[in-house]
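See below for the structure under consideration.
Heavy atoms only: backbone and side chains are in, while hydrogens, waters and symmetry mates are out. By convention in this document, chain letters (A, B, ...) are assigned in the order of the sequence lines, proteins followed by strands, and residues within each chain are numbered from 1.
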Amino acid sequence: MDNYTIADNFSLLSKLMDIHGEDSFKAKSFASASFTIEKLPAQLKETAPEDIARIKGIGSSTNKAIQEMLQTGHLSLLENFIIKTPPGILEMLKIKGLGPKKIATIWKELEVETLGELLYACDENRLTLLKGFGQKTQDNVKQSIEFYFSNRDRFLYAEIATMAQELEKRLQQMLAPALVSLTGQVRRTEIIIDEVELVVSAAPAIIEQQLSAIPDFTLVETTDHSQLWQHQQHVKMRIYSCLPEDFAKTLFITTADAAFLEHFDADGQAAALLNGATSEAAIFEKAGLDMIEPCMRNGGLALDLAKRKQLPTLISPEDIKGIIHSHSQWSDGVNTLEEMATAAKAQGLEYLVISDHSRSAFYANGLSIERIQAQHQQIEELNKTLAPFRIFKSVEADILYDGSLDYSDEILATFDLVIASVHSILKMTEEKAMARLLKAIENPYTTILGHMTGRLLLSRNGYPVDHQKIIDACAANNVVIELNAHPRRLDMDWQWLPYALEKNVLISIDPDAHSIEGYKDVYYGTLAARKGGLTKEKNLSSFSRTALETFLQQRRAARIN
DNA sequence: GCCGTTTTCGGCCCGACTGTTTTCAGTCG
């Protein structure tokens with residue numbers, strides 16, 4: 001083992017000791033040993049133990065640890081700390097601006113254990129609530145984590161979409177008159193993107209020659225049909241090269257996922273349909289099918305619907321009539337309630353459902369019963385001046401560990417609607433998660449089930465749930481299922497929308513906005529919803545104000561009293 | 001954990017910089 005490795009081990013040991021709240025002078029001595037060793041002119045493995053003992057800053061314990069590393073290749077003291085540290089906490093040490101003390105605070109105070117959760121806590125403005133943290137620290141941490149994530153090889157659609165569209169335009173200009181189109185995952189608006197894929201009607205050599213001129217891109221792989229380019233510190237780009245007369249065919253084939261193509265070719269007629277096609281529309285026409293939008297070219301469902309002439313008219317962003325699920329300064333939001341409402345009205349929306357956090361969400365400044373009453377007074381006053389725009393009184397009530405909601409029935413009854421979500425103790429078996437969720441769904445005051453699995457895409461898996469049973473329970477209890485539109489959540493997953501629609505369960509595309517800026521996330525929620533075949537009729541946030549009022553009255557009459 | 005003397009137990013603490021404070025805590029090179 002060389003000096004650098006030994007020094008690194010001591011450095012990490014020191015940080016972990018600080019994170020775990022060990023005596024800071026002890027931790028410091030390992031840090032200074034690390035510093036000293038890194039600068040030693042001679043290798044420790046070639047130095048006699050008694051000579052090592054004479055080095056300033058290395059005492060008997062450190063020397064013993066050095067000998068252990070030299071003899072066994074391990075440092076048991078360090079390994080013991082690693083075992084009791086979640087991997088996400090170790091990863092936080094890679095984030096600029098975060099040292100042991102801050103990480104310990106984040107871990108202990110926020111109960112955040114992964115970078116994904118930490119990023120989300122920044123989005124929700126929760127870091128600034130911690131002592132010793134301010135706006136700048138939160139901004140730095142957020143930026144730092146995003147940078148870290150951007151160096152990984154998978155991306156959220158929202159992180160990639162703009163860049164992909166700009167790339168498409170740029171290539172169209174560079175390679176004209178060749179045809180260029182986005183295809184694959186991006187064209188299907190998948191929620192997670194591995195590669196930006198494009199079809200280009202030009203020869204590989206020409207594409208390579210042109211793209212080599214862009215300094216940001218490096219060619220990493222060439223196959224018969226495609227080239228893979230790596231953008232510096234960014235996503236990979238795959239380019240399918242084809243003849244101009246094969247453009248429609250290639251676009252069709254590369255847009256769809258494998259299961260869709262398999263279904264499409266179930267009778268072995270695909271080749272005949274594709275060859276010589278001048279457009280995708282012509283392919284569908286020749287196949288006797290209505291045009292299936294690229295976003296629905298996953299699996300076989302859309303093809304079955306198309307064969308029966310039952311393709312739905314998909315919801316689109318302009319079908320959103322109000323903001324459901326939002327947070328203001330009353331809890332952990334950035335903007336005041338008045339600002340949130342005024343902005344929603346100015347955007348042409350008909351209503352705002354304000355759902356600040358409930359009292360157990362202490363980390364998010366959740367509302368005490370007194371503060372709920374004060375907020376309701378303010379809502380009533382604002383509604384007088386904003387009418388016909390309306391603020392609906394809501395709350396994002398924590399589903400507690402036993403499945404009960406965070407307030408008594410008397411308090412829950414004062415809201416127009418209640419969004420019930422799990423925020424704490426996310427590590428559960430499926431059995432526990434199901435019992436907890438089902439109890440919350442059966443609560444007559446629960447109107448909407450918020451972010452069903454608690455997942456954070458690319459960074460945290462949700463707790464395990466039996467989707468089918470949850471959907472069945474929502475159907476039985478007339479509970480709306482949220483499609484949380486935050487691009488890192490998109491929870492419930494769109495893959496379960498067909499089943500929910502079959503069971504006649506309403507969906508609600510909700511931004512979970514913690515600022516006015518957050519409203520724009522409904523766009524991503526809508527894209528995900530389209531993949532699952534959602535229509536505006538089945539989306540609660542597409543209801544007009546009056547339709548929502550009627551729905552809530554009827555639901556209340558049926559479920560309560 | 002290390003050090004060292006007024007010497008075996010009590011104090012130790014890179015300095016510059018940032019950010020959050022209103023005199024300091026934490027991070028980083």
Side-chain angles (χ1 to χ4, degrees), chain A residues 1 3-41 44 47-72 74-82 84-85 88-110 112-113 115 118-119 121-148 151 329 332 334 363 365:
Chain A
M1 196 178 280
N3 287 4
Y4 279 117
T5 311
I6 293 169
D8 280 351
N9 283 345
F10 280 137
S11 169
L12 181 56
L13 173 62
S14 165
K15 287 171 184 166
L16 288 179
M17 287 174 78
D18 272 332
I19 289 176
H20 285 272
E22 301 284 321
D23 178 62
S24 64
F25 288 113
K26 254 190 209 183
K28 191 98 191 165
S29 64
F30 284 122
S32 74
S34 168
F35 189 74
T36 305
I37 292 165
E38 210 173 33
K39 303 206 155 168
L40 283 178
L44 288 169
T47 310
E50 56 271 25
D51 289 334
I52 294 175
R54 279 196 285 272
I55 300 170
K56 192 173 157 73
I58 295 178
S60 68
S61 289
T62 308
N63 199 6
K64 226 163 116 186
I66 291 170
Q67 297 309 321
E68 185 194 353
M69 280 187 271
L70 290 176
Q71 282 155 28
T72 70
H74 298 282
L75 179 55
S76 47
L77 191 56
L78 172 62
E79 281 164 5
N80 290 340
F81 276 107
I82 289 175
K84 55 181 181 181
T85 312
I89 297 295
L90 286 166
E91 215 175 6
M92 281 179 204
L93 287 166
K94 294 178 190 164
I95 300 304
K96 269 207 181 90
L98 287 184
K101 295 286 168 59
K102 283 201 158 72
I103 292 172
T105 306
I106 288 163
W107 189 12
K108 251 171 59 185
E109 303 289 325
L110 284 184
V112 160
E113 290 189 357
L115 287 178
L118 182 54
L119 190 56
C122 293
D123 283 337
E124 288 191 330
N125 210 31
R126 271 159 38 201
L127 238 59
T128 57
L129 301 173
L130 296 173
K131 200 182 172 201
F133 289 72
Q135 191 63 48
K136 283 190 179 176
T137 304
Q138 177 171 281
D139 291 347
N140 284 341
V141 168
K142 184 170 173 344
Q143 211 176 2
S144 202
I145 299 173
E146 276 165 350
F147 177 79
Y148 180 77
N151 283 328
Q329 279 184 10
D332 60 352
V334 170
Y363 59 84
N365 195 23

Calculate the interatomic distance between [X] atom [atom1] and [N] atom [atom2]; express it in whole Å.
{"X": "A:Ile95", "N": "B:dG26", "atom1": "CD1", "atom2": "C1'", "value": "17 Å"}
{"X": "A:Ile66", "N": "B:dC2", "atom1": "CD1", "atom2": "C1'", "value": "13 Å"}
{"X": "A:Lys64", "N": "B:dG1", "atom1": "NZ", "atom2": "P", "value": "10 Å"}
{"X": "A:Phe10", "N": "B:dG1", "atom1": "CZ", "atom2": "P", "value": "12 Å"}
{"X": "A:Ile52", "N": "B:dG1", "atom1": "CD1", "atom2": "P", "value": "18 Å"}
{"X": "A:Leu77", "N": "B:dG1", "atom1": "CG", "atom2": "P", "value": "8 Å"}
{"X": "A:Ile106", "N": "B:dG26", "atom1": "CD1", "atom2": "P", "value": "13 Å"}
{"X": "A:Met17", "N": "B:dC2", "atom1": "CE", "atom2": "C1'", "value": "12 Å"}

- Query: Between A:Thr85 and A:Trp107, which heavy-atom pair has the shortest distance, and what is it?
  - Reply: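 In terms of heavy atoms, the two residues are closest at CA-CH2, 4.5 Å.
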- Query: If every non-hydrogen atom of A:Leu78 is compared with every non-hydrogen atom of A:Leu16, which pair is closest and at what distance?
  - Reply: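 The pair with the smallest heavy-atom distance is CD1-CD1, 3.9 Å.
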Distance between the [atom1] atoms of [N] and [M], in whole angstroms?
{"N": "B:dG10", "M": "B:dC14", "atom1": "P", "result": "22 Å"}
{"N": "B:dT20", "M": "B:dT8", "atom1": "C1'", "result": "41 Å"}
{"N": "B:dT23", "M": "B:dG29", "atom1": "C1'", "result": "25 Å"}
{"N": "B:dT21", "M": "B:dG26", "atom1": "P", "result": "12 Å"}
{"N": "B:dC2", "M": "B:dT7", "atom1": "C1'", "result": "15 Å"}
{"N": "B:dT6", "M": "B:dG1", "atom1": "P", "result": "26 Å"}
{"N": "B:dA16", "M": "B:dT5", "atom1": "P", "result": "27 Å"}
{"N": "B:dG15", "M": "B:dG4", "atom1": "C1'", "result": "24 Å"}

Could you pull out the protein-nucleic contacts involving nucleotides 18-22 of chain B (nitrogen or oxygen on both sides, under 3.5 Å)?
residue : atom : partner  : partner atom : Å
B:dG19  : OP1  : A:Asn140 : ND2          : 3.3
B:dG19  : O3'  : A:Thr137 : OG1          : 3.3
B:dT20  : OP1  : A:Gly134 : N            : 2.9
B:dT20  : OP1  : A:Gly134 : O            : 3.2
B:dT20  : OP1  : A:Gln135 : N            : 3.3
B:dT20  : OP1  : A:Lys136 : N            : 3.3
B:dT20  : OP1  : A:Thr137 : N            : 3.2
B:dT20  : OP1  : A:Thr137 : OG1          : 3.2

- Query: Which part of the nucleic acid, if any, lies within reach of A:Ser60 when heavy atoms closer than 4.0 Å are counted: base, sugar-phosphate only, or nothing?
  - Reply: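 Sugar-phosphate, backbone atoms only, no base.
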side-chain contact (heavy atoms from CB on, under 4.5 Å) against [X], all qualifying residues, sequence neighbours excluded:
{"X": "A:Lys84", "result": "A:His20, A:Phe81"}
{"X": "A:Asn63", "result": "A:Ile52, A:Ala53, A:Ile58, A:Ile66, A:Gln67"}
{"X": "A:Ser60", "result": "none"}

- If a pair satisfies salt bridge (charged side-chain N to carboxylate O under 4.0 Å, His left out) and one of its residues is in residues 90-102 of chain A, list it, with sequence neighbours excluded.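 Qualifying pairs: A:Glu91-A:Arg152.
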- Query: Residues two or more places apart in sequence or in another chain: which of them pass salt bridge (charged side-chain N to carboxylate O under 4.0 Å, His left out) with A:Glu146?
  - Reply: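 For A:Glu146 the salt bridge (charged side-chain N to carboxylate O under 4.0 Å, His left out) partners, ignoring immediate neighbours, are A:Lys142.
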- Which of the following nucleotides, B:dG1, B:dT27, B:dG29, is nearest to the side chain of A:Phe30?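 Given the options B:dG1, B:dT27, B:dG29, the side chain of A:Phe30 is closest to B:dG1.
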- Any idea which of B:dG26, B:dG29, B:dG1 is nearest the A:Lys96 side chain?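 The closest nucleotide is B:dG29.
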- Query: Can you pull the side chain to side chain donor-acceptor pair (under 3.5 Å) pairs that have at least one residue in residues 4-19 of chain A, sequence neighbours excluded?
  - Reply: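 Only A:Asp2-A:Thr5 qualify under side chain to side chain donor-acceptor pair (under 3.5 Å).
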- Query: Can you list every pair that meets side chain to side chain donor-acceptor pair (under 3.5 Å) and has a residue in residues 128-138 of chain A, with sequence neighbours left out?
  - Reply: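 Only A:Asn125-A:Gln138, A:Gln135-A:Asp139 qualify under side chain to side chain donor-acceptor pair (under 3.5 Å).
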- Would you please confirm or rule out a distance under 4.0 Å between OP1 or OP2 of B:dG4 and any side-chain N or O of A:Lys56?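 True: A:Lys56 side-chain N/O within range (under 4.0 Å) of B:dG4 OP1/OP2.
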- Query: So does A:Ser61 get a side-chain nitrogen or oxygen closer than 4.0 Å to the phosphate oxygens (OP1/OP2) of B:dC2?
  - Reply: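 Looking at the OP1 and OP2 atoms of B:dC2, one of them is under 4.0 Å from a side-chain N or O of A:Ser61.
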- Message: Under 3.5 Å for both donor-acceptor distances, Watson-Crick or wobble: does B:dC24 have a partner, and if so which one?
- Response: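 Its partner is B:dG19.
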- Item | Value rounded to 0.5 Å, distance of CZ in A:Phe133 from CG in A:Asn140 |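 If we round to the nearest 0.5 Å, A:Phe133:CZ and A:Asn140:CG are 11.5 Å apart.
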Distances for protein N or O near nucleotides 8-17 of chain B N or O, under 3.5 Å:
none

- Message: Counting C-beta onward and ignoring hydrogens, is there a side-chain heavy-atom pair between A:Leu93 and A:Leu12 closer than 4.5 Å?
- Response: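 Yes; the side chains approach each other to less than 4.5 Å.
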